[in-house]
Amino acid sequence: MQSNAPSEQSPLRFLLILLFIIAFPLALGIFFAPRLVPKPQIGIVRLSSEIAGFSAFEINEQLQFARENDQIKAVVLVINSPGGSAAYSEELYLDVLNTREEMPVVATIDLLAASGAYYMAAAADKIYAKPTSGVGSVGVIAFLPGQVFIEEEVLTTGPYKSFGGTRDGTIRQIETAKNAFLQAVINGRGDKLEIPIETLSRAEVYTGIQALDFGLIDGLVSNDEAIEDAAEMAGLAQYDVVELFPLVFDDGETAVFDYTPPEIDVNALWTPNTNYEPGLYYLYLDLPENR
Amino acid sequence: MRRPILLLLIFILLLVTPSAWRYFQFYRLSQPDREMPTAYDPLAVQLVATPASSDYVDEPQVGDGLILLDFAHNNDFTLEEIGSLDGRLAQRGFEIVPFTGGDLQTALRSVNAFVVITPISSFSQSEILAISDFVDRGGKLLMVGDPTRFEVFFEETEFSFEIVFQRDELPLNSIANEFDIIFNGDYLYNTIENEGNFRNIIVNEGSFEDTAVTDGLEQVVLYGAHSLEVGPSATSLFVGDENTWSSDTDRPGELTLAAISGNERVMALGDIHFLNQPYATVLDNGRFISQIADFLTNTQQRDFVLADFPYFFTQDIHLIYTGSPELGPDAFDEIIQLQDAFRQAGQTLSLAAEPTANSDTLYLGLYNQADAVAELLAEADLTIVIEPPLETDDEAEESEEEAESEEEEEAEEEAASEDDAAEDDAEDNAEDEEVEDELTRLLESTLGKVQLSGTSLILLHENGDDRSVVVLAASADGLETAVNRLLNLIPANSEDSLSDCLLQSHLALCPTGLSNEAVEPELLTGGTAEIDDEETDEEDDEEIIDEEPPTDEDGEEPTDDLNAVLQGPIGLGETVDGALADMESHSYLFSDGPATIDISVNGDSEMDAVLEIYDPENALIDLADSTFTEGTEELLNVEIPDDGEYTIIVRDFFNDGGGYSLTVTSSGEEAVTPIETETKVFLFVDDDGNPLGDGITSQAVLEEAFGAFETTVWVSSTDGPLSLDVLEDHTFLVWDTGDYEDPDGFFGPDTEVIFEFLDEGGGLLLTGSMPGLFSGSPTADLSELAVSDTDDPLLAGFDGGEIFSLTATVPATLSEIFAEDFLEDEGVGLLEWPAGSEGDGSLIAFAGEDPTLDQKSMIILFPIALLPDEPRTTLLENAIAWFGLN
């Protein structure tokens with residue numbers, strides 16, 4: 001038996017169909033949308049001290065976090081550092097290069113990005129500073145090994161096994177490290193570099209204004225503008241700015257909202273510890289006798 | 001079927017819409033292109049290698065010498081840092097000796113070059129002058145600065161502290177500026193072409209000045225260098241290229257890294273590091289260091305002065321005694337001492353009879369036996385005047401023979417030409433008489449005329465590479481003091497023992513410090529040598545006893561030789577004082593026997609006196625030696641059986657000499673302790689001022705008046721200014737200014753010394769028209785004077801108001817005020833200006849005593865020589881008694 005009356009569909013049924021066809025997927029879509037399309041974030045990584053083992057580790061961890069976290073679409077490096085250990089500075093340089101392959105990295109200099117800190121910044125897409133920020137000190141400092149000697153009870157298989165090398169050899173190593181630093185700056189800055197390389201090798205600390213003129217930085221902007229530039233490079237219209245340090249090292253949620261970056265120790269910035277072991281440093285040392 | 005599909009599409013659409021909404025909300029539709037980073041390429045980094053060494057092979061010329069290296073100015077370097085230079089100097093036969101302090105001028109005497117490296121402390125003005133003088137005379141100077149060498153000091157201020165740098169450029173410049181070279185306080189750098197570092201400056205061919213030091217250099221490297229400025233008389237050795245910048249100016253330029261003075265005796269280098277390995281072998285650095293070593297060791301043109309003794313001797317040294325001296329063991333000791341001293345200086349001294357070529361010579365002798373060095377003295381414009389001539393015993397014998405023969409000849413000649421020669425003879429005789437009357441013992445030199453007595457002469461004579469030093473003195477003792485001066489100069493760090501001499505570059509006239517030094521005719525040295533009686537000098541009042549040894553009746557072996565210098569006789573109740581020299585014994589002859597006598601000798605604190613008595617046959621009767629030092633040795637109840645000549649010997653057990661007092665008394669009599677306060681008079685003839693009259697002094701009459709006392713005569717025009725040293729040991733001063741006025745007046749150096757002498761209680765007799773004490777006072781001509789009316793013992797034998805006329809009119813001081821002061825202090829007036837004269841009753845001579853100092857003074861304001869003989873003698877005798885000199 002057949003029925004031709006359209007009224008056979010009950011309002012309840014219609015309502016159920018409507019609910020299933022429209023409301024349910026919409027609700028489901030709304031439910032999953034933040035998970036499927038999370039709000040992008042720009043990660044803030046702060047280098048606020050001399051570059052050494054622990055500070056380099058902290059930066060490495062944050063950059064790795066940024067690379068592994070899809071929500072983080074760009075990284076802004078906020079730099080206040082005189083540099084430090086040559087090897088750790090190079091580690092950071094390479095790590096920033098690695099990060100830059102995945103997302104934009106913008107460096108912004110507050111007080112000082114000298115030597116190894118600038119080395120690291122040279123790997124970024126862009127470098128910004130303030131007009132009177134300290135920028136540069138492209139060079140190497142080293143403390144020569146002592147005089148060599150041999151001992152009765154200590155036997156080595158080579159004349160420099162106990163000492164690492166000669167004093168003259170250290171001089172050559174310093175010069176080679178300087179060349180590597182300069183090469184990194186040339187690579188990072190490319191055609192933007194306006195300063196002759198032999199002038200840059202004088203290792204002066206320039207102001208932001210001078211650095212911009214020499215092509216060592218890309219502009220004199222605030223940190224917010226630097227973040228906006230990072231967002232633009234990442235193609236972001238809306239985004240959150242997050243400090244990566246608490247995300248990486250703290251327990252999570254409170255840190256995200258309540259995290260306050262540590263205060264900059266200006267004295268440590270300009271008068272770092274001078275009791276260094278022999279070795280190479282990309283470090284700006286403002287020794288007391290230099291004043 | 002379409003409916004379900006549609007519914008499904010709607011379902012999906014609605015499901016996706018929120019996410020799409022979010023995406024388009026968060027992300028821009030277009031994204032700017034982003035440049036990917038350039039991959040890190042380690043192969044693109046330029047490596048820096050150590051440069052190669054040049055193939056230069058050092059071929060040193062071996063010589064001999066010393067290089068003085070400064071360590072006295074806080075020099076910031078170590079010997080290891082200049083190891084390469086040290087090695088090359090050693091290869092050339094030169095040794096580095098450190099200068100760690102003391103007198104630099106003395107230290108520079110013995111060296112060929114002076115090296116100053118990175119001094120942080122300043123050089124004194126005297127050191128700068130010494131270095132300048134050293135270079136002027138041909139010494140080499142190397143100055144090395146380095147910008148890495150400095151010291152940091154924290155200088156406290158009121159509220160804080162300042163950091164003060166002490167760098168090397170200021171101390172270096174205090175020397176370098178003398179030679180038109182300036183060390184800048186900068187460092188040089190080159191960021192374009194360098195040796196491994198911006199501060200390692202490569203100097204390339206074409207930048208080198210054409211000098212011996214830079215000969216053959218193509219590339220050298222300095223490792224952190226000051227830049228230098230050079231003045232008109234200096235030259236840059238090499239400069240950096242156009243990319244070498246100075247840290248001072250941060251500008252490039254032709255910046256000098258090394259410089260040399262115009263006379264090529266001074267070199268300045270801005271870096272020390274290239275002297276050290278491994279940099280010493282980089283490029284041509286090795287060659288450069290070798291040529292620096294050549295620069296330092298090539299000092300053939302050095303000029304020496306006497307003060308450089310003995311380091312100007314470069315050959316074997318021959319010691320020659322002038323004349324034909326009698327040399328006893330004392331001389332041998334002296335020679336051995338000299339040889340030892342020269343050996344310390346790396347030199348060889350040997351005794352020789354005559355000088356030979358290619359050797360250096362040290363002449364020792366007396367003025368009276370200076371014929372062997374007459375040529376050398378003449379070349380130095382030195383003339384020894386000894387009139388009348390002093391003759392040695394041999395010469396005296398020859399003279400006697402010649403005189404006899406001459407007399408015979410003269411007698412013949414006189415007979416032949418008596419009339420013609422009468423006038424000439426008269427003149428000659430008159431001259432001879434004058435010569436005989438006037439005893440002249442002078443050394444005429446470019447430094448003026450000086451008395452031979454008390455003066456030794458040291459002369460350096462150069463004849464090519466042969467150098468001679470002549471040492472002459474008036475006596476053997478004077479010669480010994482002069483030789484000691486030279487011995488004191490031999491240690492490289494000795495003090496300047498010529499500082500109290502009249503000194504020229506090649507000549508020194510030095511005081512011997514011997515009072516009343518006799519000008520001896522020939523050199524006789526003491527000791528145990530046997531010297532015949534005939535060879536002893538009778539004029540010297542000393543004899544060596546050398547008598548035949550008889551056999552003693554008591555069995556004592558008579559001595560062969562008492563080896564003592566005879567001092568003369570000694571009688572009963574007499575006390576004599578004597579002073580033993582080194583290795584000397586004194587003998588006294590006693591012939592007041594028969595008697596039983598006590599003999600005592602009292603030696604000074606350092607002397608261990610020994611007393612001996614020998615019979616006429618020189619057999620020992622008795623001896624006393626009971627104490628070690630300072631005490632009285634006595635021989636009591638010594639029986640002297642006859643009136644023969646017995647000998648009493650006094651000697652020091654250790655032969656070191658010393659003063660003593662010997663007394664002989666009859667046994668039972670109490671020995672009289674000798675008076676310790678022996679009067680020693682110092683006659684100061686102050687004749688170097690401006691004469692107010694004819695230029696007279698009272699020296700002769702005063703010497704006569706005080707002849708009974710041991711008197712030292714000091715004439716300021718020949719002996720120089722007075723010093724406390726020469727006044728030492730004298731208790732009484734006679735100050736004779738004659739009619740001279742001292743231009744320095746009251747504040748003159750002589751017056752100052754005399755005041756110090758008086759403060760110590762010394763007595764003073766002052767006579768003269770215008771003594772320094774009264775300089776500037778008014779004067780008047782004095783021709784007569786009156787005796788004051790007083791009963792003072794000083795005027796014993798005079799009548800008050802008695803008038804005396806002077807033998808000549810002379811200007812005299814009107815010093816009323818001073819005289820009144822004297823009288824107020826219980827002084828006494830002695831002589832006065834006569835009434836009606838310009839002085840009219842004011843005192844011209846007065847005396848007084850300072851009870852605080854127990855010091856007496858007598859002042860006579862005119863030359864006492866002008867007083868007639870009788871009153872002068874009386875007045876001086878009274879004065880001697882008043883001063884208690886008797």
Side-chain angles (χ1 to χ4, degrees), chain A residues 17 20-40 73 90 93-94 96-97 100-101 104 123-125 147 166-169 171-180 182-184 187-188 190 198-199 201-202 232-239 288-289 291, chain B residues 4 6-42 44-50 80 150 152 154 163 165 189-198 200 223 243 245 250 277-279 282:
Chain A
I17 291 171
F20 181 78
I21 298 300
I22 297 173
F24 178 72
L26 192 59
L28 205 60
I30 290 170
F31 178 77
F32 283 108
R35 289 157 180 80
L36 293 174
V37 185
K39 190 174 184 181
K73 300 301 179 186
E90 288 158 346
Y93 167 77
L94 294 170
V96 171
L97 274 185
R100 186 179 160 187
E101 288 179 355
D125 289 273
Q147 300 293 337
T166 66
R167 291 166 70 87
D168 181 60
I171 293 173
R172 316 291 155 189
Q173 291 168 357
I174 292 169
E175 199 66 6
T176 303
K178 181 205 78 174
N179 290 341
L182 288 171
Q183 191 61 48
N187 285 349
E198 59 272 12
T199 306
S201 70
R202 287 161 53 94
E232 188 174 339
M233 280 194 284
L236 304 180
Q238 287 187 22
Y239 51 88
E289 56 265 35
R291 297 178 189 174
Chain B
L6 180 64
L7 288 175
L8 184 60
L9 287 174
I10 292 170
F11 181 91
I12 293 171
L13 181 66
L14 290 174
L15 187 66
V16 172
T17 296
S19 296
W21 176 262
R22 285 181 67 91
Y23 183 87
F24 289 114
Q25 185 184 11
F26 295 156
Y27 296 96
R28 298 174 193 275
L29 295 178
S30 64
Q31 190 172 339
D33 290 336
R34 200 163 58 84
E35 190 178 336
M36 282 297 105
T38 307
Y40 182 73
D41 180 10
V45 177
Q46 184 185 352
L47 295 175
V48 180
T50 302
E80 288 76 17
F150 55 83
V152 181
F154 294 92
I163 297 172
F165 279 81
Y189 65 89
N190 187 331
T191 57
I192 296 177
E193 184 194 5
N194 55 52
E195 202 291 275
N197 191 267
F198 70 100
N200 301 343
Y223 293 82
N243 295 315
W245 292 41
D250 252 353
Q277 297 294 6
Y279 314 119
V282 169

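Per chain, numbering begins at 1; letters A, B, ... match sequence-line order.
Here CD of B:Q277 is found 12.5 Å from OG1 of A:T166. Values are rounded to the nearest 0.5 Å. To the nearest 0.5 Å, atom CD of residue B:Q25 and atom CD of residue A:Q238 are 4.0 Å apart. Distance NZ/A:K178 to OG1/B:T191: 7.5 Å, rounded to 0.5 Å. Remark: B:L14 CG to A:I22 CD1 distance equals 6.0 Å, nearest 0.5 Å. Going from atom CZ of A:R172 over to atom CG of B:N197 covers 9.0 Å, rounded to the nearest 0.5 Å. Atoms CD1 and OG1, on B:I192 and A:T199 in that order, are 7.5 Å from each other to the nearest 0.5 Å.
Residue B:D33: no heavy atom, backbone or side chain, is found under 4.5 Å from chain A. Residue A:F31 does not touch chain B at all, counting heavy-atom pairs closer than 4.5 Å. With a 4.5 Å cut-off on non-hydrogen atoms, A:E101 touches chain B through its backbone and its side chain both. Heavy-atom distances place both the backbone and the side chain of B:E195 under 4.5 Å from chain A. Of the atoms belonging to A:D125, it is side-chain heavy atoms, and not backbone ones, that fall under 4.5 Å from chain B. Contacts of A:L94 with chain B are made by side-chain atoms alone, with heavy-atom separations under 4.5 Å and no backbone atom involved. Of the atoms belonging to B:N243, not a single heavy atom falls under 4.5 Å from chain A.
Chain B forms more heavy-atom pairs under 4.5 Å with one residue of A:G169, A:G188, A:P104, A:P25 than with any other, namely A:P25. Between chain B and the options A:A177, A:P38, A:A124, heavy-atom pairs under 4.5 Å are most frequent for A:P38. Per-residue counts of heavy-atom pairs under 4.5 Å with chain B were compared for A:P40, A:A27, A:S201, A:A180; the largest is that of A:P40. Interface check for chain A: of the options B:A44, B:P278, B:S19, the most heavy-atom pairs under 4.5 Å are formed by B:S19. Considering only heavy-atom pairs separated by less than 4.5 Å from chain A, the leading option among B:Y27, B:F198, B:F24 is B:Y27. Here B:F26 is the residue among B:F26, B:Y223, B:Y189 with the most heavy-atom pairs under 4.5 Å with chain A.
Here the closest non-hydrogen pair linking A:T176 and B:L47 is CG2-CD2, 3.4 Å. Taking all atoms of both residues into account, the shortest heavy-atom contact from A:R100 to B:E35 is NH2-O, 3.3 Å. Minimum interatomic distance between A:E175 and B:N194 (heavy atoms only, all atoms of both residues): OE2-OD1, 4.0 Å. For the pair A:M233 and B:R34, the tightest heavy-atom approach, listed with the atom from each and the gap, is SD-CD, 4.1 Å.
Taking the salt bridge (charged side-chain N to carboxylate O under 4.0 Å, His left out) definition, one finds that A:R167 meets it with nothing, sequence neighbours left out. With sequence neighbours excluded, the residues that form a salt bridge (charged side-chain N to carboxylate O under 4.0 Å, His left out) with B:D250 are A:R202.
The side-chain heavy atoms of A:V37 and B:W21, taken from C-beta on, include no pair separated by under 4.5 Å.
Between the side chain of B:R22 and the backbone N or O of A:L36, no donor-acceptor pair lies under 3.5 Å.
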